[in-house]
Amino acid sequence: MPLINKESVKKRMGTRLAANGFAKFLFILATCFSLLVLGVLIYRILSEGLPYLSLDFITNFASRMPERAGIWAALLGTIWVMAVTAPVSFILGVGTAIYLEEYAKKNAFTKFVQINISNLAGVPSIVFGLLGLTIFVRLLGLGSSVLAGGLTMSLLILPVIVVASQEAIRTVPREIREASFGMGATKWQTIRRIVFPAALPGILTGTILALSRAVGETAPLLVLGALAYVAFVPENIFSQFTVLPIQLYNWTSRPQEDFHMLAASGIIILLIILLIMNSIAVLIRNKFHKRF
């Protein structure tokens, strides 16, 4: 008597192959739909924004007349805010991740901290805006300045950087740490020379993605009182400012069609900034992948 019923196996295989084919079709359909939506979005932005994209559009200040309006103040304001956000969030986020993974004892308190950090990564951005308004604008008296905006955006992306850095540190094999200790290195020397360089590609990837989110955020800065109409550039971290998302929001809220076209041109500039940031992240990650 045969141990395997060929007819039963053939019948079951047919059912499984049909289910597999149906699932594959759904996945392909979902992918095609996503690409279609993305293609339509990019086509509309390019078709509306490219005719208005010029050097004058980049170098001009905001204006009530569409033909004279530009993004110079918003562009420099975005750069100023990111210049504050990037180092603050990177230092605090990576430092927190190193402490939690390498130094903190695994107990109920650290578990509680980990859970709350993960939860903070999903908190709506406007909540961080209210926190920044309370602490930086009113309590510390920084006003609607670049420094207040940068610190608020740092709070927004800090949980994301902490979680991404922790995951990157966990991927470093324990054998490498033990080999470093066996050679007489201290814990800090092992972290600085072995763990951190090996985890740096993942840390940088998470940091750049978090900064990309910060570049496109509007709600926290609106709560802080960032200006929508600015005809000057920030001179220092205590100057008032605006950023590209707020400028785009201002243009899209106007009834004139020309301002909507200008918003499309601004979106193109914002997309170029995001592509440059992600390209830098890829280059740095590939460089360190070759070294470690």
Side-chain angles (χ1 to χ4, degrees), residues 58 60-64 69-93 95-96 116-117 119-163 206-254 259 262-263 266-267 269-271 273-274 277:
I58 297 175
N60 285 350
F61 290 99
S63 174
R64 291 182 175 86
I71 60 168
W72 185 241
L75 182 60
L76 290 186
T78 300
I79 295 173
W80 271 95
V81 172
M82 288 301 105
V84 174
T85 302
V88 171
S89 58
F90 182 81
I91 293 172
L92 293 180
T96 302
N116 280 275
I117 291 175
N119 290 336
L120 284 174
V123 171
S125 60
I126 195 170
V127 176
F128 290 97
L130 294 172
L131 181 62
L133 177 66
T134 303
I135 297 178
F136 303 127
V137 176
R138 295 179 178 174
L139 184 62
L140 299 181
L142 297 177
S144 302
S145 62
V146 171
L147 182 58
L151 293 176
T152 301
M153 301 309 287
S154 298
L155 293 179
L156 173 65
I157 65 175
L158 194 59
V160 179
I161 295 178
V162 172
V163 172
T207 301
I208 295 294
L209 291 176
L211 289 173
S212 299
R213 178 192 177 187
V215 169
E217 282 290 346
T218 307
L221 300 180
L222 286 175
V223 173
L224 290 182
L227 303 176
Y229 181 85
V230 174
F232 57 87
V233 297
E235 297 179 354
N236 52 58
I237 59 175
F238 299 104
S239 301
Q240 290 186 311
F241 70 101
T242 190
V243 291
L244 276 173
I246 293 180
Q247 184 68 70
L248 300 179
Y249 171 77
N250 181 36
W251 281 339
T252 55
S253 63
R254 298 196 175 199
F259 280 113
L262 291 176
I267 291 173
I269 299 297
L270 191 59
L271 288 176
I273 294 174
L274 294 176
M277 293 175 62

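No experiment lies behind these values; they were computed from the predicted model shown.
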Between [X] and [Y], is any pair of side-chain heavy atoms under 4.5 Å apart?
X      : Y      : value
Met82  : Ile79  : no
Val215 : Leu274 : yes
Phe128 : Val123 : yes
Phe241 : Leu221 : yes
Leu248 : Thr218 : no
Leu209 : Val160 : no
Phe238 : Val146 : no
Phe61  : Val233 : yes

Supply the atom-to-atom distance [X] [atom1] to [Y] [atom2], rounded to the nearest 0.5 angstrom.
X      : Y      : atom1 : atom2 : answer
Gln247 : Thr242 : CD    : OG1   : 5.5 Å
Ile91  : Thr96  : CD1   : OG1   : 11.5 Å
Leu75  : Ile273 : CG    : CD1   : 5.0 Å
Leu262 : Ile267 : CG    : CD1   : 11.0 Å
Met153 : Leu158 : CE    : CG    : 12.5 Å

query = Are a donor atom and an acceptor atom from the side chains of Glu217 and Ser125 found within less than 3.5 Å of each other?
reply =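 Note: Glu217 and Ser125 side chains meet the donor-acceptor criterion.
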request  = Report the C-alpha distance between Thr152 and Leu131 in whole Å, list the side-chain angles of each, state the deciding distance to 0.1 Å, and finish with yes or no for side-chain contact (heavy atoms from CB on, under 4.5 Å).
outcome  = CA-CA 8 Å; Thr152 301; Leu131 181 62; over 6 Å; no
[X] and [Y]: which non-hydrogen atoms are nearest, and at how many Å?
X      : Y      : value
Thr252 : Ala263 : CG2-CB, 3.5 Å
Ala69  : Trp251 : CB-CZ2, 4.0 Å
Ala148 : Gly143 : CB-O, 3.3 Å
Val84  : Ser154 : O-OG, 4.2 Å
Ile117 : Pro159 : O-CB, 3.5 Å
Ala214 : Ile157 : CB-CG2, 3.9 Å

Looking only at atom types and distance, does a side-chain atom of [X] sit under 3.5 Å from a main-chain N or O of [Y], one as donor and one as acceptor?
X      : Y      : result
Thr78  : Leu244 : yes
Ser145 : Gln240 : no
Asn250 : Ser253 : no

ask   = Does Arg213 CZ have over 12 foreign heavy atoms under 6.0 Å away?
value =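 Yes.
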ask   = Is the count of non-hydrogen atoms from other residues, nucleotides or ligands lying under 6.0 Å from Phe232 atom CZ greater than 12?
value =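 Result for CZ/Phe232: enclosed.
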message = Evaluate Leu155 against Phe136 for side-chain contact (heavy atoms from CB on, under 4.5 Å), listing each step before the verdict.
response = CA-CA 11 Å; Leu155 293 179; Phe136 303 127; 3.6 Å; yes
task = Test Ile246 against Leu222 for side-chain contact (heavy atoms from CB on, under 4.5 Å), laying out the working first.
result = CA-CA 8 Å; Ile246 293 180; Leu222 286 175; 4.2 Å; yes
message = As a test of understanding, state which of Ile135, Ile237, Leu142 forms a side-chain contact (heavy atoms from CB on, under 4.5 Å) with Leu151.
response =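 Among Ile135, Ile237, Leu142, the one meeting side-chain contact (heavy atoms from CB on, under 4.5 Å) with Leu151 is Leu142.
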inquiry  = Which residues pass the salt bridge (Lys or Arg N to Asp or Glu O under 4.0 Å) test with Arg254, not counting sequence neighbours?
reply    =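 Salt bridge (Lys or Arg N to Asp or Glu O under 4.0 Å) list for Arg254, sorted by chain: empty.
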